Each structure stands twice: as structure tokens, then as C-alpha cells.
Amino acid sequence: MKNLYGTQFNISHIEPATHIYGPGRRFGIWLQGCSLACNGCWNKEMWSFKAIELLEREELLKQILAETNINGITILGGEPLQQAENTLWLIQKIKQSTSLTIMLYTGYTKPELQLQKNWDMLETNVDLLVTGRYEEELRNPNNQWFGSENQELIYPTKSRIKQRSKPLNEVEIIIEQTGEVRVLGYPSDLSQC
Ligand code: SF4
């Protein structure tokens with residue numbers, strides 16, 4: 001899908017150091033906009049395609065390269081492949097110019113990615129994909145890196161990520177400078193946070 005905002009990403013949120021979506025310390029990028037409308041989606045505020053924070057892709061790349069103490073990047077959303085041109089551009093740049101591992105969450109399944117003709121590029125460049133819609137009736141908060149049992153973790157043949165998702169429940173709580181509290185992960189009961 002062509003990007004609505006040219007070479008700019010529409011960004012919902014950036015977390016320069018998160019430990020919850022993939023192994024190690026990772027630069028997390030939540031892209032704004034998703035039309036897949038999964039029942040029970042926890043990120044409904046990321047459905048709208050209205051511009052939230054527009055950021056030139058070169059600028060985002062610079063921000064990632066400026067982070068010296070990370071193991072990789074994780075792209076999620078929203079639906080990263082509804083900003084496919086820029087997402088694929090970023091993945092390629094990171095793969096070509098760094099040793100950072102790349103993890104991508106997408107609501108699309110592998111057959112859908114193949115139909116979109118994005119699969120070959122993703123399989124070549126991404127280290128770990130979490131694919132498929134979130135299905136509330138299949139929710140399991142104890143799968144570490146994915147939220148519902150139907151979702152598939154795909155480690156392409158050339159993946160540099162060796163660590164497998166473990167049967168555990170992890171939550172990361174981030175207190176922003178503004179005082180806003182952000183809960184990342186798959187909490188089983190938010191009232192306990
Ligand atoms: S793909 Fe992700 S962001 Fe989009 S509706 Fe499904 S769970 Fe929500």
C-alpha cells in the first residue's frame with residue numbers, strides 16, 4: 001500500500017528502549033493507522049489514518065542509528081504494512097547498514113503477505129515476524145511476544161534471532177516525562193499494574 005504521507009511515516013509512538021517486544025533492548029516504533037479492525041484490539045487509538053506525528057523516514061533512521069545501546073528494532077502498530085513503502089524502506093536500510101536485528105508485527109498472514117508481494121522482501125530481511133490478526137477469543141497473555149494463539153511467529157531461514165518466545169507473561173511499565181504511564185506487553189489484568 002502506498003504511503004499516504006509520501007516519505008513521511010505517520011507515527012503513533014516511539015520508545016527508544018523497550019524490552020518487551022522481542023529479545024534484548026529494542027527501538028520500538030508504533031505506526032499509526034490500521035484498517036484490519038480486529039475484535040478486541042488493544043490499540044484502537046492507532047486505527048485512524050489521521051496524521052498524528054509525521055516524521056521523515058530519513059529522520060527516523062537517524063534516530064535509530066543514534067541509539068548506541070540497542071540490539072534491534074521492533075516495528076508494530078497500527079498496521080506497519082499499511083505504510084508499506086516506508087516500512088520496507090526502513091527495514092532495508094537497517095539491514096544494509098547496521099547489525100541490528102529486525103522484528104515486525106503485522107496483522108496480515110503469510111499468504112496475504114505473499115499475495116501483496118511483500119513476503120520475499122520480508123523473509124530476506126526481517127529476523128522475526130509476528131503475523132495474523134489478533135483474535136480475542138484466542139487471547140493468551142502467557143506467550144511473551146504475541147497476544148492470541150492463532151498468531152504465528154516466523155523465523156526466516158536467515159534469521160539472526162535465536163531466542164524463542166517463552167511461555168511467560170511480561171509487562172513493561174514506562175513512565176513518560178509528561179507523567180503519562182504506558183503499559184506495554186499483554187497484561188492479564190490491568191488493575192494489577
Ligand atoms: S492488526 Fe493490530 S492494530 Fe490492527 S486491528 Fe488488529 S490488533 Fe489492532
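In listed order, ligands and their atoms are each counted from 1. Numbering starts at 1 and runs along the sequence shown. Keep in mind the model is a prediction, meaning the values are calculated, not measured. Worth knowing before you read on, the calculation uses all heavy atoms, side chains too, and leaves out hydrogens, waters and symmetry mates.
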Practice prompt. Compare every heavy atom of Tyr21 with every heavy atom of Tyr105, then report the nearest pair and how far apart it is.
Written response: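 Smallest heavy-atom distance, with atoms named: OH-CD2, 3.4 Å.
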
Can you see which heavy atom on Leu88 is nearest to which on Met121, and at what distance?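 In this case the closest contact between Leu88 and Met121 is O-CE, 3.2 Å.
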
Specify side chain, backbone, both or neither for Cys34, according to which of its non-hydrogen atoms lie closer than 4.0 Å to ligand 1.
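It is the side chain that touches ligand 1; the backbone stays farther off.
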
Worksheet item: Given that the side chain starts at C-beta and the backbone is N, CA, C, O, which of these parts of Trp42 lies under 4.0 Å from ligand 1, counting heavy atoms, or is it both or neither?
Response: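 Contact part for Trp42 vs ligand 1: neither.
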
How far is [atom] from its nearest protein heavy atom, and which residue and atom is that?
atom	answer
atom 5 (S) of ligand 1	Cys38 N, 3.1 Å
atom 8 (Fe) of ligand 1	Cys41 SG, 2.3 Å
atom 3 (S) of ligand 1	Gly78 N, 3.5 Å

* **CA sep, side-chain torsions, deciding dist, call: Glu123, Lys110, salt bridge (charged side-chain N to carboxylate O under 4.0 Å, His left out)** => CA-CA 10 Å; Glu123 193 188 26; Lys110 180 177 170 181; 5.4 Å; no

Hey, quick one: are Ile52 and Leu31 part of the same hydrophobic cluster, counting side-chain heavy atoms closer than 4.5 Å, chains of contacts allowed?
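No; tracing contacts between hydrophobic side chains, which count when under 4.5 Å, never links both residues.
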
Under 3.5 Å, is there a donor on one side chain and an acceptor on the other for Tyr108 and Gln82?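 Side-chain D/A pair, Tyr108 to Gln82: present.
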
For Thr7 and Glu56, test the side chains for any donor-to-acceptor distance below 3.5 angstrom and give the result as yes or no.
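Per modelled atom types, Thr7 and Glu56 side chains form a pair under 3.5 Å.
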
Which atoms of ligand 1 sit under 4.0 Å from any heavy atom of Tyr134?
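Here the atoms of ligand 1 in question are 7 (S).
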
- Query: Does Tyr105 have a non-hydrogen atom less than 4.0 Å from ligand 1?
  - Reply: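 Outside the 4.0 Å threshold, so no.
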
